[in-house]
Amino acid sequence: MDWIQSWKDTLFLLLDDVPVSLREVVASIAIDGTSATTIIIDSRSEEPLSRAFLYNESCPDALPLVKSIAPAKHTVCSGSSTLCKLVSWWNSYPSSKESAVLLHQADWLLWLLHGKLGVSDYNNALKVGYDPEMDSYPPWLLSQPYSHLLPSVQDPGTKIGYMKEDIRTQFGYPKDCLICTGTTDSIAAFLAARATQPGKAVTSLGSTLAIKLLSSRRVEDARFGVYSHRLDDKWLVGGASNTGGAVLRHLFTDEQLEKLSEQINPFETSPLDYYPLQAVGERFPVADPKMEPRLHPRPESDVEYLHGILESIARIEAKGYKLLKDLGATPVEEVITSGGGSKNQKWIKIRERVLGLPVCKADQTEAAYGAALLAMKGACENATSD
Ligand SMILES: Nc1ncnc2c1ncn2[C@@H]1O[C@H](COP(=O)(O)OP(=O)(O)O)[C@@H](O)[C@H]1O
Ligand SMILES: O=C(CO)[C@H](O)[C@H](O)COP(=O)(O)O
């Protein structure tokens with residue numbers, strides 16, 4: 001699969017999908033992308049120097065070296081971190097690396113629109129080692145031979161520039177359409193849910209399960225895949241598990257999920273104990289690249305099977321929130337849910353029972369809504385600075 005080409009094609013399909021009458025009033029654009037999805041391109045040819053490294057891919061070959069330069073338990077000390085991907089590429093790429101630039105998925109897509117190479121935001125840059133508290137790359141990273149690949153970093157929702165002329169004239173976007181820095185997908189989902197108080201958490205039930213808790217305290221422990229993103233003057237503590245909707249989609253269609261869920265009694269505990277993964281490897285609440293999926297025994301009844309899977313995913317979520325508490329984050333008061341799994345009311349009831357917390361569906365469940373809020377921030381700041 002040529003991921004890079006497919007993301008580019010999708011971006012241009014989306015630009016073309018906006019009704020013509022609305023395009024001329026688009027003030028700004030920001031994009032969220034999967035965190036730690038990494039692309040390395042050549043700044044001269046503007047072509048990728050390798051295939052894309054996907055968010056959940058592990059580069060264990062780079063881990064010993066990364067662990068030897070980074071502080072203990074730092075978020076880069078996980079095989080799937082952006083820094084491990086960079087080091088793995090650096091050590092295996094045979095040709096000149098002088099003009100190489102590292103971009104995250106969202107940075108790369110935004111670059112196609114604004115054309116200024118090497119710009120990121122402090123959320124996407126966290127897993128390559130950017131320190132959002134100091135607002136800089138740390139000295140232990142800057143002293144590495146590959147540090148020239150690191151992108152410059154802005155706050156999420158900051159104006160980078162205007163849409164490139166050829167693109168805006170091709171699609172009919174206005175001359176002053178701003179392109180702003182974005183964020184990661186699960187932070188965008190958090191922003192979309194509009195949770196603003198410490199103690200509020202958002203679980204994104206998309207292809208994967210990502211949890212984010214607004215906390216006054218920063219917590220980080222790579223042994224369990226726990227890290228803190230900066231959100232203005234607070235912290236978004238959490239992690240992302242490889243369990244989630246991708247496993248469900250492999251077994252059931254969305255229609256089947258809806259029909260089967262209707263028959264589940266969410267107040268009854270399922271005796272089935274699974275660890276639903278699509279492939280070998282887990283990131284959080286246990287960082288174990290060798291963890292095997294567990295989806296057996298499969299009962300005859302699909303309703304019972306789905307009940308067991310949904311409840312097992314809820315147990316992983318509960319373990320995740322308990323871990324954040326044990327590591328010292330602000331205690332969770334309420335869990336808001338976004339992503340494709342958030343529409344499942346039976347699952348919400350199961351999760352309330354397993355988590356022992358109030359759980360509700362976000363009013364806006366699409367991460368893209370959070371990216372649009374960042375674009376609006378960039379446009380407002382630009383208007384006041386003019
Ligand atoms: N009724 C449902 N109950 C549980 N999960 C569902 C339901 N309908 C869809 N899903 C899951 O939602 C996921 C898609 O959610 P989405 O947020 O679009 O994912 P992504 O992370 O890929 O953007 C699918 O993997 C699908 O299995
Ligand atoms: O698995 C994911 C990709 O869909 C998660 O959304 C992602 O890894 C979460 O990362 P972050 O906390 O940095 O946003």
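Bear in mind that the values here come from a model prediction, so they are computed numbers and not experimental data. Read the numbers this way: they start at 1 and go in the same order the structure lists the ligands and their atoms.
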Ligand 2: which residues have a non-hydrogen atom closer than 4.0 Å? Thr34, Ser35, Tyr55, Lys127, Thr184, Asp185, Ser186, Thr208, Lys212, Tyr227, His229, Ala240, Arg283
How would you list, by chain and number, every residue that makes a side-chain hydrogen bond (donor to acceptor under 3.5 Å, both in side chains) with Asn382, sequence neighbours excluded? Lys159
Just jot down the ligand 1 atoms closer than 4.0 angstrom to any heavy atom of Gly341, in number order. 4 (C), 5 (N), 6 (C), 12 (O)
Distance-only, no hydrogens or angles: does the Ser312 side chain make a donor-acceptor pair with backbone N or O of Gly308 under 3.5 Å? yes
Against heavy atoms of Leu248, which atoms of ligand 1 measure under 4.0 Å? 4 (C), 5 (N), 27 (O)
Which atoms of ligand 1 sit under 4.0 Å from any heavy atom of Gly206? 15 (O), 16 (P), 17 (O), 19 (O), 21 (O)
Has Gln256 got a side-chain atom pairing as donor or acceptor with Thr253's backbone, closer than 3.5 angstrom? yes
Under a 4.0 Å threshold between the charged nitrogen and the carboxylate oxygen, would Arg294 count as salt-bridged to Asp273? yes
Going by the atom numbers of ligand 1, which of them fall below 4.0 Å from some non-hydrogen atom of Ser207? 19 (O), 20 (P), 21 (O), 22 (O)
Do Glu262 and Lys259 meet the salt-bridge criterion of a basic N to acidic O distance under 4.0 Å? no
Show the atoms of ligand 1 that are less than 4.0 angstrom away from any heavy atom in Gly339. 17 (O)
What protein heavy atom is closest to atom 6 (C) of ligand 1, reported as residue, atom name and distance in Å? Leu257 CD1, 3.5 Å
Among all protein heavy atoms, pick the one closest to atom 16 (P) of ligand 1 and tell me residue, atom and distance. Gly340 N, 3.6 Å
Side chains of Tyr321 and Glu317 in contact at under 4.5 Å (non-hydrogen atoms): yes
Tell me the ring pair (Phe, Tyr, Trp, His ring centres under 6.0 Å) pairs involving residues 120-139, sequence neighbours left out? Tyr130-Tyr137
Are side-chain heavy atoms of Asp32 and Leu191 found at a separation under 4.5 Å? no
Run the ring pair (Phe, Tyr, Trp, His ring centres under 6.0 Å) test against Tyr162 and tell me which residues pass, sequence neighbours left out. none
Is there a side-chain contact between Glu133 and Arg218 (heavy atoms, below 4.5 Å)? yes
Does His148 reach the side chain of Val101, with side-chain heavy atoms less than 4.5 Å apart? no
Hey, does Asn344 come in under 3.5 Å of ligand 1, counting only N/O atoms on both sides? yes
Near Lys343, which atoms of ligand 1 are under 4.0 Å from a heavy atom of that residue? 8 (N), 9 (C)
Please list the nearest protein heavy atom to atom 27 (O) of ligand 1 with its residue and the distance rounded to 0.1 Å. Gly245 O, 2.9 Å
